[in-house]
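Just so it is clear: chains get the letters A, B, ... in the order the sequence lines come, proteins before strands, and each one is counted from 1.
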There are 2 protein chains.
Amino acid sequence: MNNTDLTLVMKALSDVTRLKIIEMVSEGELCACKILESFNITQPTLSYHMKILCDCGLVDSRRDGAWIRYNLNKQTLELVSSYFNRLKTQSYEFKIECLTCE
Amino acid sequence: MNNTDLTLVMKALSDVTRLKIIEMVSEGELCACKILESFNITQPTLSYHMKILCDCGLVDSRRDGAWIRYNLNKQTLELVSSYFNRLKTQSYEFKIECLTCE
DNA sequence: AAAACATATTGACATTTATCTATATGACGC
DNA sequence: GCGTCATATAGATAAATGTCAATATGTTTT
């Protein structure tokens, strides 16, 4: 996962509505109509948010009759999770100071 | 860490420049002048980005003479990391389908 | 085939964001 | 105190973002 892809994921998560959607979907598959009930937004706005979540790979969608069912993409989540774990382990307790700055 | 705080962190990471800064700082403390060398942006623009990274708690700053030295805040990173770990474990292999949608 | 339901797309608009130039503030050395 | 270096703030601006109303597309039911 390169920086551009990661930026897309972060951008997707940088909106309160989408963050809540991710949390809802993390508990199990949901259709748009169910998600919509939890928010004070219009259907087109939800559709816009779902597109962003799907495009960055965080959420998968599948048609089931008239409904579109959404669920979390665990693989992408794993990549994001491991990115933060790597950052954590990379940073050490004792700082390597930049003394010269020249 | 509530959703508003988390959104701030994600917003901070949703910019390629800031994502690179985080990676640089994760390897050790750096002053603004050193960071600036790696980018094609002006000094005020970097200052703007550093403020966003500090305000959300991802980066700490300390004055050292004329310089401001930046380093990663491991505590915040730990909170973000554990958030994603929680999301991962919350989502199960077998989907709890929403069959009614009524 | 028409009506009803679920979701997506389009176009408009206000707000936010990233960037710059110009200027201010703070620290150090002379 | 003055000049110089490091960083921050202010004001302006173009581009991106989140939202809506209106409309289109796709699916099911009658």
Side-chain angles (χ1 to χ4, degrees), chain A residues 3-22 24-25 29-56 58-71 97-102, chain B residues 3-22 24-25 29-56 58-71 97-102:
Chain A
N3 270 8
T4 312
D5 293 342
L6 200 61
T7 303
L8 277 182
V9 173
M10 297 303 168
K11 215 180 272 286
L13 295 173
S14 71
D15 176 273
V16 197
T17 303
R18 290 195 294 263
L19 203 61
K20 281 184 193 155
I21 293 172
I22 282 291
M24 291 173 69
V25 173
E29 194 173 56
L30 283 173
C31 58
C33 53
K34 271 284 167 199
I35 301 172
L36 189 57
E37 288 173 9
S38 300
F39 298 98
N40 258 333
I41 55 174
T42 61
Q43 178 270 319
T45 298
L46 178 64
S47 184
Y48 162 80
H49 286 309
M50 296 317 295
K51 183 165 166 48
I52 287 172
L53 289 170
C54 289
D55 283 357
C56 76
L58 267 177
V59 168
D60 290 328
S61 70
R62 64 182 186 91
R63 182 170 279 283
D64 177 16
W67 299 284
I68 307 280
R69 306 203 183 271
Y70 296 99
N71 52 70
E97 305 202 8
C98 136
L99 294 168
T100 54
C101 278
E102 246 72 60
Chain B
N3 271 7
T4 312
D5 293 341
L6 199 62
T7 303
L8 277 182
V9 173
M10 295 305 164
K11 217 180 270 287
L13 295 173
S14 71
D15 177 272
V16 197
T17 303
R18 290 195 294 264
L19 203 62
K20 279 185 194 155
I21 292 172
I22 283 291
M24 290 173 70
V25 174
E29 193 173 55
L30 283 174
C31 58
C33 52
K34 270 284 167 200
I35 300 172
L36 190 57
E37 289 174 8
S38 301
F39 299 98
N40 257 333
I41 55 175
T42 61
Q43 178 271 318
T45 298
L46 178 65
S47 184
Y48 162 80
H49 286 310
M50 295 319 293
K51 183 165 165 48
I52 288 173
L53 288 170
C54 290
D55 284 356
C56 77
L58 266 177
V59 169
D60 290 328
S61 69
R62 64 183 187 90
R63 182 170 280 282
D64 177 16
W67 299 283
I68 309 279
R69 305 203 184 270
Y70 297 99
N71 53 69
E97 303 202 8
C98 135
L99 292 168
T100 56
C101 277
E102 246 73 58

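Rounded to the nearest 0.5 angstrom, A/Lys20 NZ and A/His49 NE2 are separated by 11.0 Å. Note that the CE atom of B/Met10 and the CG atom of B/Asp5 stand 11.5 Å from one another [nearest 0.5 Å]. Note that CD1 of B/Ile52 and OG1 of B/Thr17 are 10.5 Å apart. Values are rounded to the nearest 0.5 Å.
Comparing A/Ser47 and B/Arg18 against DNA chain C, the residue whose closest nucleotide sits nearer the 5' end is A/Ser47.
With sequence neighbours excluded, the residues that form a side-chain contact (heavy atoms from CB on, under 4.5 Å) with B/Leu19 are A/Asn3, A/Leu6, A/Thr7, A/Tyr83, B/Leu13, B/Glu23. Among residues two or more places apart in sequence or in another chain, the side-chain hydrogen bond (donor to acceptor under 3.5 Å, both in side chains) test is passed with A/Asp55 by A/Lys51.
A donor-acceptor distance shorter than 3.5 angstrom exists from the side chain of A/Arg18 to the backbone of A/Lys11, with no hydrogens or angles considered.
If you measure from atom CG of A/Leu46 to atom C1' of D/dT19, you get 13 Å, rounded to the nearest angstrom. Between the P atom of D/dC5 and the CG atom of B/Leu36 lies a distance of 15 Å, rounded to the nearest Å. As a whole-Å value, the separation of B/Leu19 CG from C/dA18 P is 13 Å.
Heavy atoms of A/Phe39 sit nowhere under 4.0 angstrom from any nucleic acid atom.
Across every non-hydrogen atom of B/Cys31 and B/Tyr70, the tightest pair is C-CD1, 4.4 Å. The nearest pair of heavy atoms linking B/Ile35 to B/Met24 is CA-CE, 3.9 Å.
Between A/Ile21 and the options A/Asp15, A/Val16, A/Leu53, a side-chain contact (heavy atoms from CB on, under 4.5 Å) holds for only A/Leu53.
The stretch residues 8-17 of chain A comes close to DNA chain D through A/Lys11, A/Asp15, each having a heavy atom under 4.0 Å from the strand. Looking at residues 48-56 of chain A, you'll see A/Tyr48, A/His49, A/Ile52 sit with a heavy atom under 4.0 Å from some atom of DNA chain D.
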| field | Protein proximity profile, nucleotides 20-30 of chain C - base contact B, sugar-phosphate-only contact S, no contact -, cut-off 4.0 Å on heavy atoms | value | BBB----SS--

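In this structure, B/Arg63 and B/Arg69 have side chains that are not in contact, with every pair of non-hydrogen atoms separated by 4.5 Å or more.
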N/O donor-acceptor pairs under 3.5 Å from side chains in residues 39-48 of chain B, not counting sequence neighbours:
{"unit_1": "B/Thr42", "atom_1": "OG1", "unit_2": "B/Thr45", "atom_2": "OG1", "d": "3.1"}

